Amino acid sequence: MWAMRIEGIGQPLVLRQVQRRDPGEGEIVLRVEACGVCRTDLHLIDGDLAPATLPITPGHEIVGRVIETRAPQAPHRVGDRVGIPWLAWTCGTCADCRAGRENLCARARFSGFSGDGGFAQEAIVDARFAFSIPDLYGSVEAAPLLCAGLIGYRSYRMSGDPSRLGLYGFGAAAHIVIQMARAEGREVYAFTRPEDTESQAFARELGAVWAGSSTDSSPEPLDAAILYAPLGELVPLALAAVRPGGTVVCAGIHMSDIPSFPYALLWGERRLISVANLTRADGLGFFEFITRNPVTTHVTPFELRDANRALDCLRNGAIQGAAVLVCDG
């Protein structure tokens, strides 16, 4: 099969023909139809996160059809369409797993990080960690749901019950979260790069009551803010924007250093918390939510061989919504 591979940190991906490994007990094999391109993939390429081994195939927003199964007890059958998320395996026995916090499992494995992911024509996953994709979403449109949607959902739920919600960074996750928030009647305030008027207009189109620069003061005190941009310098700005008792959620897997800030920004029982990965319960909750309250993913498709161009567009802020690789050609 063909796959786009990370062969060296800081280097472009390389298109290679590779031999896919045989599936193990409990695993399923997918013919990949689409795979979303995530900022985490950039972190792997840039060396902000160290993959388990090199070379490796990135990609963790995978949608495809089951072509082989070694999981006879699983609900997924050959021909079924399923999605593979970032979380690919947990031990199931540690204290965190037993307490329903499998996202914190110290032995967890992740798609495109611990092993090969979805920037390829085929992919393998433990069947227990695959999700059925609702029929109302096409495969290309569904791909961003597997990370931008799932991590967006977890971060959104961790924000509490805000009437006024701020979103810092308006990319793949935020453009899904704003639709969920609007479905529940919340006001959304979008903060983007100072010069990014296109994203500000996009946010207003999706229902933001205000959109402006991340350096601007919020026009209203926020009940909560979620940071999708991986910039530590935004943390003090978000704390300043939320009211006493408010919550700031850092949703990225990697963030630049947070600068020193006065305790007064945290005082008043403001909370600063992070999101780590996801749980399968998050996935079930998210897909149930978007079946009742459908969202539209705005996608820019690229051929598998054009993964580097997709990554460059993401890095340069040239994508509204999400970039998705079409892998079934």
Side-chain angles (χ1 to χ4, degrees), residues 1-3 18-36 38 57-93 97 100 102-103 105 108-151 153 277-295 297 299 301 304 322 324-329:
M1 69 172 179
W2 290 100
V18 299
Q19 181 66 43
R20 191 241 316 142
R21 68 174 176 84
D22 292 330
E25 190 68 29
E27 292 184 322
I28 55 176
V29 183
L30 305 190
R31 168 68 69 174
V32 178
E33 295 182 352
C35 186
C38 178
T57 303
H60 55 274
E61 298 179 309
I62 310 164
V63 179
R65 299 277 174 181
V66 179
I67 59 172
E68 185 178 347
T69 178
R70 291 200 60 197
Q73 305 305 315
H76 314 301
R77 297 289 179 259
V78 171
D80 288 352
R81 190 175 62 143
V82 301
I84 300 176
W86 171 246
L87 186 69
W89 182 88
T90 57
C91 74
T93 59
C97 283
E102 65 182 4
N103 59 307
C105 176
R109 301 173 193 160
F110 305 101
S111 304
F113 177 79
S114 308
D116 288 335
F119 285 17
Q121 293 178 312
E122 296 179 4
I124 298 176
V125 72
D126 185 317
R128 298 171 299 171
F129 291 81
F131 294 108
S132 297
I133 302 296
D135 290 338
L136 66 160
Y137 298 99
S139 294
V140 173
E141 291 71 27
L145 301 176
L146 274 302
C147 184
L150 287 170
I151 298 299
Y153 177 79
N277 311 313
L278 69 141
T279 68
R280 283 172 286 178
D282 292 326
L284 295 175
F286 172 63
F287 283 112
E288 191 275 333
F289 183 99
I290 64 170
T291 299
R292 289 185 293 104
N293 303 282
V295 299
T297 55
V299 298
L304 176 62
V324 177
L325 302 183
V326 180
C327 305
D328 59 352

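Since the structure is predicted, the reported quantities are computational estimates derived from the model, not experimental observations.
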Chemist: Would you name the heavy atoms of Glu25 and Pro72 that are closest together and state the gap between them?
Modeler: OE2-CD, 4.5 Å
Chemist: Report the distance from atom CG of Leu30 to atom CD1 of Ile62, rounding to the nearest 0.5 Å.
Modeler: 7.5 Å
Chemist: Got a donor-acceptor contact below 3.5 angstrom from the Thr69 side chain to the Ile28 backbone?
Modeler: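 Checked: no pair found.
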Chemist: Which residue pairs pass the salt bridge (charged side-chain N to carboxylate O under 4.0 Å, His left out) test with at least one member in residues 128-144, sequence neighbours excluded?
Modeler: Asp126-Arg128
Chemist: Could you give the distance from CG (Asp22) to CZ (Arg70), rounded to the nearest 0.5 Å?
Modeler: 8.5 Å
Chemist: Which distance, rounded to the nearest 0.5 Å, do you find between the CZ of Arg65 and the CG of Asp80?
Modeler: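 Arg65 CZ to Asp80 CG: 8.0 Å, rounded to 0.5 Å.
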Chemist: Considering all heavy atoms of both residues, which atom of Arg21 and which atom of Ile124 are nearest to each other, and what is their separation?
Modeler: O-CD1, 3.3 Å
Chemist: Ignoring hydrogens and geometry, is there a side-chain-to-backbone donor-acceptor pair from Glu122 to Val29 under 3.5 Å?
Modeler: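 The answer is no, because no donor-acceptor pair under 3.5 Å joins these two groups.
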Chemist: Does Arg31 reach the main-chain N or O of Gly79 with its side chain, forming a donor-acceptor pair under 3.5 Å?
Modeler: no
Chemist: Show your working on side chain to side chain contact (heavy atoms under 4.5 Å, CB included) between Leu278 and Ile151 and close with a plain yes or no.
Modeler: CA-CA 6 Å; Leu278 69 141; Ile151 298 299; 4.2 Å; yes
Chemist: To check you understand the geometry: which heavy-atom pair defines the closest contact between Ala120 and Leu304, and what is its length?
Modeler: N-CD1, 3.8 Å
Chemist: Begin with the C-alpha distance, continue with both residues' side-chain angles, and end with the deciding distance and a verdict on side chain to side chain contact (heavy atoms under 4.5 Å, CB included) for Val32 and Leu325.
Modeler: CA-CA 10 Å; Val32 178; Leu325 302 183; over 6 Å; no
Chemist: ring-ring contact (aromatic ring centres under 6.0 Å, His included): which pairs involve residues 119-141, sequence neighbours left out?
Modeler: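 Counting only pairs at least two positions apart or across chains, the ring-ring contact (aromatic ring centres under 6.0 Å, His included) contacts touching residues 119-141 are Phe131-Phe287.
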Chemist: Taking all atoms of both residues into account, what is the closest heavy-atom pair of His76 and Ser132, and its distance?
Modeler: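 Of all heavy-atom pairs spanning His76 and Ser132, the closest is CE1-OG, 3.8 Å.
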Chemist: Using 0.5 Å steps for rounding, measure from the SG atom of Cys105 to the CH2 atom of Trp89.
Modeler: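 The CH2 atom of Trp89 is 6.0 Å from SG of Cys105, to the nearest 0.5 Å.
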Chemist: For the pair Asn103 (side chain) and Thr279 (backbone), establish whether a donor and an acceptor sit closer than 3.5 Å, ignoring hydrogens and angles.
Modeler: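 No; judged by distance alone, with no hydrogens or angles, the pair does not exist.
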Chemist: Using 0.5 Å steps for rounding, measure from the CZ atom of Phe113 to the OG1 atom of Thr57.
Modeler: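 That separation rounds to 15.0 Å.
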Chemist: Work out which heavy atom in Ala143 is nearest to a heavy atom in Glu61; give both atom names and the distance.
Modeler: O-CB, 3.1 Å
Chemist: Ignoring hydrogens, what is the shortest heavy-atom contact between Ala142 and Ile133? Give both atom names and the distance.
Modeler: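 Of all heavy-atom pairs spanning Ala142 and Ile133, the closest is CB-CG2, 3.7 Å.
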Chemist: Using side-chain hydrogen bond (donor to acceptor under 3.5 Å, both in side chains) as the criterion, list what pairs up with Arg109, not counting sequence neighbours.
Modeler: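 None.
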Chemist: Go through it in stages, so that I can follow the logic: the residues are Glu102 and Cys97, the test is side chain to side chain contact (heavy atoms under 4.5 Å, CB included), and I'd like the CA-CA distance, side-chain angles, deciding distance and then a yes or no.
Modeler: CA-CA 4 Å; Glu102 65 182 4; Cys97 283; 4.1 Å; yes
Chemist: Could you walk me through whether Val295 and Leu145 pass the side chain to side chain contact (heavy atoms under 4.5 Å, CB included) check?
Modeler: CA-CA 10 Å; Val295 299; Leu145 301 176; 4.1 Å; yes
